[in-house]
Protein chains: 2
Amino acid sequence: MSDLLFSLPGYALRRAANAMMAELAKRLALIDLHISDASVLMLVAGRDDMTSSDIGRLLDIQRANMVPLLDRLSAAELIDRLPLNRKSLAVVLTERGRAKLAEVMEVTMNFERELLHRIPPEHRDHLVPALNALWH
Amino acid sequence: MSDLLFSLPGYALRRAANAMMAELAKRLALIDLHISDASVLMLVAGRDDMTSSDIGRLLDIQRANMVPLLDRLSAAELIDRLPLNRKSLAVVLTERGRAKLAEVMEVTMNFERELLHRIPPEHRDHLVPALNALWH
DNA sequence: TATTGTTATACTCTATAACTATA
DNA sequence: TATAGTTATAGAGTATAACAATA
């Protein structure tokens, strides 16, 4: 029964995700970002029409939980919020935000390359399609 | 750049794990268990020599965080704690714990079967080996 | 009526430090 | 010296309800 647990796809998925997140969080902490911060910076890059609600829907983050996240990015002067109309605000990168995004890209791309490299070649190309089938 | 995020293995891993955990948590809540509770029940099944520290090491849960978890299982009378020596306690299933384990197995096996079934056949057998390479 | 942004709140999971007692 | 069990605490992520203002 003990061994059964470690053979379950769900358990392997959980442990792999936890290990990956812990490692990525450490690397992003070196540039003073949370994982969700980095996702938001990548998502709004080159756009000027994404609202807080839009971002939340795309990243599966509740509207209410976007508030402290965007406050944090705003306090670090990485984003501005520009009125789209009298109700909505667009989240856009500042100059400093674009510079930080370049750091995010370097950390992320190195990390993702190392991640894939740990997977035996015969399984490598199957991971993303298999994972996407579980949440798309 | 926005599209890049959704193509990253790390991001797919995170979203797939979150979706899986949310679904599993819902099903286990129907039998009044947290995900970690179910893991512990499966791990100690048929054994009488696993300490809290042993379980924590195997499941990657800090010793300190095992305390409320085992207190919860103990309060539900699913486990007993028997002295192994004057320092350590073995976590063992009670009669009620063995009955609950049977429910856990039914929920878990149905869930894992459905999970695998969502993955296209050509990718299915690659998921667990790929995931295991990321944390083993 | 539905949606946006927000406040308040609570719960789970996780991480660290420190302490006592025993190996 | 190292390990087991525990307490206390803090940070991070997440979920829900409610509100005012605007679409």
Side-chain angles (χ1 to χ4, degrees), chain A residues 11 13-15 17-29 32-40 44 49-76 79-92 135, chain B residues 11 13-29 32-40 44 49-75 79-92 135:
Chain A
Y11 189 76
L13 178 54
R14 181 181 169 202
R15 290 295 296 269
N18 285 350
M20 179 278 292
M21 298 275 285
E23 170 71 17
L24 179 57
K26 263 189 200 167
R27 300 202 192 184
L28 287 172
D32 302 308
L33 292 179
H34 295 207
I35 291 179
S36 45
D37 297 343
S39 302
V40 169
V44 302
D49 59 347
M50 298 270 293
T51 67
S52 172
S53 293
D54 290 336
I55 298 168
R57 272 188 294 272
L58 284 164
L59 300 184
D60 194 31
I61 300 173
Q62 307 291 324
R63 261 197 340 280
N65 296 329
M66 287 298 300
V67 177
L69 198 168
L70 294 181
D71 281 351
R72 192 165 58 217
L73 295 177
S74 209
I79 60 164
D80 266 337
R81 311 197 63 183
L82 307 177
L84 280 175
N85 51 49
R86 283 191 300 172
K87 183 180 172 185
S88 302
L89 298 168
V91 176
V92 296
W135 70 278
Chain B
Y11 189 75
L13 178 55
R14 181 181 169 202
R15 290 296 294 269
N18 285 350
M20 179 278 292
M21 298 274 286
E23 170 71 16
L24 179 57
K26 263 189 200 166
R27 301 202 191 184
L28 287 172
D32 302 308
L33 292 179
H34 296 207
I35 292 180
S36 45
D37 296 344
S39 302
V40 169
V44 302
D49 59 347
M50 299 268 295
T51 67
S52 172
S53 294
D54 290 335
I55 298 169
R57 270 187 295 269
L58 283 165
L59 300 184
D60 195 29
I61 300 173
Q62 306 291 324
R63 260 195 343 275
N65 296 329
M66 288 298 300
V67 176
L69 198 168
L70 294 182
D71 282 350
R72 193 165 57 218
L73 294 178
S74 209
I79 60 164
D80 266 337
R81 311 196 63 183
L82 307 179
L84 281 175
N85 51 48
R86 283 190 301 173
K87 182 180 172 186
S88 302
L89 298 169
V91 176
V92 296
W135 70 277

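Every chain is numbered from 1 and lettered A, B, ... according to where its sequence line falls, protein lines coming before strand lines.
- Summarising the geometry, the separation between CG on Leu28(A) and P on dG11(D) is reported as 20 Å, rounded to the nearest angstrom.
- Along DNA chain D, the nucleotide closest to Asn85(A) and the one closest to Ile35(A) are compared, and the more 5′ of them pairs with Ile35(A).
- Taking Glu23(A) as the reference, Arg27(A), Phe111(A) meet the side-chain contact (heavy atoms from CB on, under 4.5 Å) condition, with sequence neighbours excluded.
- Closest of all the heavy-atom pairs between Val91(A) and Leu70(A) is CG2-CD1, 3.9 Å.
- For the pair Leu84(A) CG and dG5(C) P, the computed distance is 8 Å after rounding to whole Å.
- Within residues 16-24 of chain B, no residue approaches DNA chain C, by heavy-atom distance under 4.0 Å.
- Close to dA15(D), at under 4.0 Å from its OP1 or OP2, lies a side-chain N or O of Gln62(A).
- Residues forming a salt bridge (Lys or Arg N to Asp or Glu O under 4.0 Å) with Arg72(A) (at least two apart in sequence, or on another chain): Asp37(A).
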(request) Apply side chain to side chain contact (heavy atoms under 4.5 Å, CB included) to Met50(A) and Leu58(A), showing your working. (result) CA-CA 10 Å; Met50(A) 298 270 293; Leu58(A) 284 164; 3.7 Å; yes
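- Picking from dT22(C), dA8(C), dA23(D) the nucleotide with the shortest atom distance to the side chain of Arg86(A) gives dA23(D).
- Listed by first and then second residue, the salt bridge (charged side-chain N to carboxylate O under 4.0 Å, His left out) pairs involving residues 79-92 of chain B amount to none (not counting sequence neighbours).
- For the pair Leu59(A) CG and dG13(D) P, the interatomic distance rounds to 13 Å; values are reported in whole Å.
- Of the inter-residue distances, the one linking Arg14(B) atom CZ with Leu24(A) atom CG reads 8.0 Å to the nearest 0.5 angstrom.
- A straight line from CG of Asn65(B) to P of dT6(D) spans 13 Å, rounded to a whole angstrom.
- With sequence neighbours excluded, the residues forming a side-chain contact (heavy atoms from CB on, under 4.5 Å) with Thr51(A) are Ser53(A), Asp54(A), Leu84(A), Ser88(A), listed by chain and number.
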Report, one pair per line, the protein and nucleotides 2-4 of chain D atoms (nitrogen or oxygen only) whose separation is under 3.5 Å.
| residue | atom | partner | partner atom | Å |
| --- | --- | --- | --- | --- |
| dT3(D) | O2 | Lys87(B) | NZ | 2.5 |
| dA4(D) | OP1 | Arg57(B) | NH2 | 3.3 |
| dA4(D) | OP2 | Arg57(B) | NH1 | 3.2 |

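- Val40(A) and Ile55(A) get closest at one heavy-atom pair: CG2-CG2, 3.9 Å.
- Atom CE in Met66(B) sits about 14 Å away from atom C1' in dC13(C), given to the nearest Å.
- If you take CG of Leu69(B) and P of dG5(D), they are 14 Å apart, rounded to a whole angstrom.
- Summary of the strand contacts: Arg14(A) and Ala90(A) both lie near DNA chain C, and taking for each the nucleotide with the nearest heavy atom, the more 5' one is attributed to Ala90(A).
- If you measure from atom CD1 of Ile61(A) to atom C1' of dG13(D), you get 10 Å, rounded to the nearest angstrom.
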(request) Decide side chain to side chain contact (heavy atoms under 4.5 Å, CB included) for Tyr11(B) and Leu59(A); before the verdict, give the C-alpha distance in whole Å, the side-chain angles of both, and the deciding distance to 0.1 Å. (result) CA-CA 10 Å; Tyr11(B) 189 75; Leu59(A) 300 184; 3.3 Å; yes
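- If you check every strand for non-hydrogen atoms under 4.0 Å, Ala64(A) touches a base.
- dG5(D) atom P lies 6 Å from atom CZ of Arg81(B), rounded to whole Å.
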